[in-house]
Amino acid sequence: MTTKLIFLESIDILGTIPNYHTLLFVFSIASLIWFFIKKQSQSVNNQATTDECDRKLEEWRPEPLISEIKKDHPSLTPKTITSRVGKRIIVNEYDCLNLGTHNYLNLTESAEIEQEAIRSIQKYGVGSCGPRGFYGTVDVHLRLEERLAQFMKMEEAVVYSYGFTTIASAIAAYCKRKDLVFVDEKVNFAIQKGLDASRSNIKFFKHNDIDHLEQLLKAQSGLHKTNSQGVETTRKFLIVEGIYMNTGTICPLPELVILCRKYKLRIFVDESISFGTLGATGRGITEHFNVPRHEIDMIMGSLEHAIGSVGGFCVGSSFIVEHQRLSGLGYCFSASLPPLLATAAIISLEIMDNKPQIFQILKENCHKFHRGIKEMDIFECPSFAESPVQHLYLKKQLDNEKEKELLEAISDKCIENNLAVIVPVYLNVEREQPRFSIRICISSSLNQNDINFALNILNKCANEVL
Amino acid sequence: MVGDWRRRPVGRERQVESQVPWSGTIGTRIEAMATTSRRTCVGTTLTEISETEQRIQANGITSRLGCRVNNNGYAKAHPANGHPRFIRESKDEKENRTYPIKLSKYNESFEKVPFITAALTHFGFYILMFLGFINQLLFTPNVAKERKRKGYAPLYENFEQFYLRYVYRRVRDCWNRPICSVPGATVVLKDRTTNDYGWTFEFTGTETKCINLGSYNYLGFAESTGPCAEESIRTLKKFGCSSCSSRLELGSMPIHNELEQLTARFLGVEDAIVFGMGFATNTLNLPSLVSAGSLVLSDEKNHASVILGLRLSGAIIRVFKHNNVKHLEDCLKKAILLGQQNTGEPWKKIIIVVEGIYSMEGSIVHLPEILKLKKKYKAYLYLDEAHSTGAIGKRGRGICDYYDVDPREVDILMGTFTKSFGSAGGYIAGTKVANILRNKHKNTAVHLFNSAFLQTLINYLRVHSHAHSYAMSMSPPIAQQIITSMKIIAGEDGTDAGKKRTKQLARNTRYFRRKLNQIGVITYGNENSPVVPMLVYLFSKIGSVVRTLTTRNIATVGVGFPATPLMEGRIRFCLSAAHTKEQLDYVLKNIEDISGTLGLKYSNKPRDPNPIEYYSDSETE
Ligand SMILES: Cc1ncc(COP(=O)(O)O)c(C=O)c1O
């Protein structure tokens, strides 16, 4: 179809409608009337209100834009990293074994990825200089999306340029006002923000508590309007994390899926941590539980953890995912992922595909570590044994601030002893303040010595501090 | 007039603005006098300056000259030691100064569409809808349907589905076009075709090289060779792609600090904080700056990220008309007068949120007036400079540089690195001691200076920003690209390469915009804005223009409903310092061609009969 034709087509159609000038006439009269009414209703400010305004303005003491910050607030002096982040990391000048950052597969140190990323800069430059819609779609983005869909054996994938925004935008693209969203109470901050943006009706259920969820679902069933086919018109969603960022626990996916089918919920799983770690070949929680992937409506993931790049993605059926290309705010209105980072992610996926044994190693490391922690008498660790993220809580529960103080002292001491572990940072705007812990991120690059070393140092430092 | 004036650091002679609206004979003479008397003060003592000022006033030309000086007051900066220095004005002067709207900096045009075109546009759109409707009745597309979800509430709204499938689909090929090269002055498109009217696309395997007027590559830093690429590669080799951690956990590298300091220096403020994504900079920081009980006055054309950020904050949002200072003032007055919605209590604080250059309108914010309002009504100002940093101003420092206002007068300066710097990410910059100190709470100020507390915007964000705590830190090679390009723009690399770029962009902008006006198409926005929307109104024309230009190897962007009002379909050109005059001439020639055949010459403005000059290198502006 040539462009001329399209243009002519629209003109032709115009000519074939007989009464369009009548329509136009009516339309113009209507708009004229509207215009006049609008003009009239614009009131003019009179002197009295101006005086009143001046007086009020004089009296008004607006709050300061920001509140005060303590000069010695720890957030003002974060730890400084002066090396590449890999198996080892230099934190505040201490050369440490890295158990603090999320590079579970240690792909940040891969020479292959580095080579390809360099080649990508030499071909595409650094930035993409435009959103996906406006010449910001580089062929590597398409390749990455294709690879992701292939890797997850789902129809389609969509890539965002930032992990946090992925989750928040994807949720808000589907969940709208009046929709009913069931959410686990321990979800991470990105999901919380996505829910805020959606303005849906949100029901939190107790962490991993299927019975509580079912109770809530029962209470809601039958409350909503149905359409002519007897189908409820209120959309219902369930949002959970594969492995919870804030606890390291795993969600009981099979049970959740059964509930979803029973109560007609669509389920979105945030696999930021479980993608590339769980399952025999790293496909995530669906592989781990052997849940058919079509049972999950959408999987959201991050390219910032196991993959070792930047960005995020969603995979699912085309019917679902395609929608984000026009409704995902962070997708449409932001520059696309820099091509070099997309390239890095593609190579990471290839490595994951070609070396499935790394997942086995990672799993063993997690088990070893988890067992080691269980033997310590200072910490308790409710995290899932195969999870690469393990949260160590103090066995003796104290008040929140005190716990934070102690744990930070332990983590600082560990760093001084060449082991990088951290206490995760939570803002006080979280829906519910998570309990403070030491967060360990386990990587496939660790060997038995490293694990023994880490456990020893943890034990030693904790004993010194407490 | 004397007062604070004395403290003015005298660096160098102040030049006289050339575009003074009242430059009649008398005006010129006064100006000349003013200039000479100024000239005499260079190098003299401060007292002498004030005497000179008084002498001028005593000459009986106070009012005019007063105006003139005022005009200078905000229009001048002294480039001393590479740092911006600004004239302090006395209080009186601040209150009385008027901003002459006619200055060329304000030369902005939003030509109204002829009534018949407006009617036709609406009509054309309804026809499209109607056709789509019939189309929908006649056949169901073989697109993805939801499987195994019988008995579920439909996931999407009907109208939305309909619009996408039967209206938008017809022009779908104009967006999301894949490229396979640097998005520089030219770009290589991967050709695709559709055999089913836009439902699906296939790659043909061929490629087309086009002149790129679609990417936000204002200063031409999208390059795969040269210092930026080289240094990024070096950093990549050293630090890898990612730290896999947030800034507050284990993601703060010296390169981030360097970038923050450089950004602050570049903008002429004390401190800055950077984030990995521009969109997230808005959405994840606005909620920590405004909260329930605050009022936000937001320009109607603000970017989606700003709107989302404000929505997340829980503050009350009122929208004022695009770049309309009067409407803004009305809104402010009303807010002061009526207070909070239900209770009538005064608002906790009022924040005005505007952008530097509006990416869809091509307009430039009326910053001096808004600053004046902000001061008068004790509000705060959030300025999103996504499209303006680097792209505008004599020294490429953005809107404040453009109007020569002190960047420290803007409470919150936000911007992104995606555009002019050819990288990714965003920043927020501001003064260490927030503006609050300047108001009348003397006791607060004393308290602040003496206590163990800091009241600084950026440090506040370091503690409270969502992005700083939770989101990934900026990738090192991405940060390096910004550092290198920013140093070039600022001239810190020791060359004038950056200056050349800013100049080239300004020149391209003027030339291209004037030429378009001469052709007779309607363009929106400010004469100096490198974003040039050309109005085509009809939905179907967006498609035809973009397609036709592509066949002539020009890549542009069309924008239509719902991104713009239904009426105002447009083609957007983004100029770049990388474009040469020949490239622009080629583009202009083609636009002239097609605007004849497609009927784009809507403008009723008189056309400049003289040939438009493209200034030579030696010219200063
Ligand atoms: C005004 C404004 N703010 C923020 C952004 C988002 O920036 P980024 O593309 O870096 O995410 C944009 C991008 O288009 C913008 O125009």
Side-chain angles (χ1 to χ4, degrees), chain A residues 3 7 10 13 24 53 56-57 60 62-66 68-69 71 73 75-76 78 80-81 84-85 100-103 108 118 121-122 124-127 129-130 133-135 137-139 162 164-165 189 196 232-233 235 264 304 308-310 318-319 329-330 333-335 338 344 422 425 427, chain B residues 119 144 146 152-153 175-176 178 180 182-183 214-217 222-224 229 232-233 239-245 248-250 252-253 277 279-280 304 312 333 336-337 346 348-349 378 380 418 422-424 436 452-455 459-460 462-463 469-472 475 481 540 544 547-548 557:
Chain A
T3 44
F7 179 65
S10 49
I13 295 154
L24 255 182
C53 183
K56 283 202 169 168
L57 187 59
W60 187 44
E63 279 184 11
L65 179 62
I66 50 174
E68 304 170 327
I69 296 297
K71 261 185 190 152
H73 196 286
S75 298
L76 296 182
T80 313
I81 312 302
R84 192 183 190 122
V85 175
T101 70
H102 296 275
N103 47 333
T108 48
I118 289 173
I121 298 185
Q122 286 162 346
Y124 303 106
V126 175
C129 282
F134 302 159
Y135 302 100
T137 305
V138 181
D139 51 2
Y162 212 37
F164 194 105
T165 320
F189 194 67
D196 284 354
E232 278 195 356
T233 49
R235 285 181 286 262
K264 311 242 180 288
E304 291 160 0
S309 179
V310 174
S318 294
F319 175 79
L329 289 181
F333 295 104
S334 174
I422 52 152
V425 176
L427 293 179
Chain B
E146 201 169 23
Y152 281 60
W175 288 277
N176 297 305
C180 51
V182 187
S215 298
Y216 306 128
N217 175 28
E223 292 167 327
S224 55
S232 292
I233 291 176
F239 289 104
C241 287
S242 167
S243 63
C244 297
S245 191
L248 284 189
E249 289 175 356
L250 291 176
S252 281
M253 297 182 169
M277 181 198 198
F279 185 91
L312 288 175
K333 260 191 199 144
I336 297 288
L337 207 54
K348 282 196 202 153
K349 52 191 172 191
K378 301 179 186 169
Y380 302 102
T418 330
S423 188
I436 324 139
F453 291 95
L454 288 168
Q455 192 149 24
N459 281 333
Y460 173 84
R462 291 210 166 96
V463 175
S469 316
Y470 292 100
M472 215 46 54
S475 156
Q481 160 87 12
S540 42
S544 43
R547 285 175 195 140
T548 319
V557 170

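So you know, we letter chains A, B, ... as the sequences are listed, proteins then strands, and number each from 1.
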Smallest separation among heavy atoms of [X] and [Y], with atom names:
X	Y	value
A:G330	A:T165	CA-CG2, 3.8 Å
B:V557	A:Y135	CG2-CE1, 3.6 Å
B:I336	A:C53	CG2-O, 3.8 Å
A:I121	B:S232	CD1-CB, 4.1 Å

Inset, instruction - Could you have a look at A:A335, A:S334, A:G133, A:G100 and say which one has the most heavy-atom pairs with chain B under 4.5 angstrom? - result: A:G133

Inset, instruction - Could you have a look at A:T80, A:T233, A:D196 and say which one has the most heavy-atom pairs with chain B under 4.5 angstrom? - result: A:T80

Between [options], which residue shows the highest count of heavy-atom pairs closer than 4.5 Å to chain A?
options	value
B:S242, B:S224, B:G214	B:S224
B:K348, B:E223, B:Q481	B:K348
B:A153, B:A424, B:P178, B:P183	B:A153

Inset, instruction - With the side chain counted from C-beta on, respond yes when B:C180 and A:D139 share a heavy-atom pair under 4.5 Å apart, and no when they do not. - result: yes

Inset, instruction - Please examine the side chains of B:C244 and A:T108, heavy atoms only from C-beta on, and report whether any two atoms are closer than 4.5 Å. - result: yes

Region of [X] in contact with chain B, defined by heavy-atom distances below 4.5 Å:
X	answer
A:H73	side chain
A:F189	side chain
A:I422	side chain
A:S309	backbone
A:A344	side chain

Inset, instruction - Examine distances only and state if a side-chain atom of B:K378 and a backbone atom of A:L57 form a donor-acceptor pair shorter than 3.5 Å. - result: yes

Legend entry - N/O donor-acceptor pair under 3.5 Å between B:K349 side chain and A:L65 backbone: yes

Inset, instruction - Could you look at B:A229 and say if it's the side chain, the backbone, both or neither that has a heavy atom under 4.5 Å from chain A? - result: both

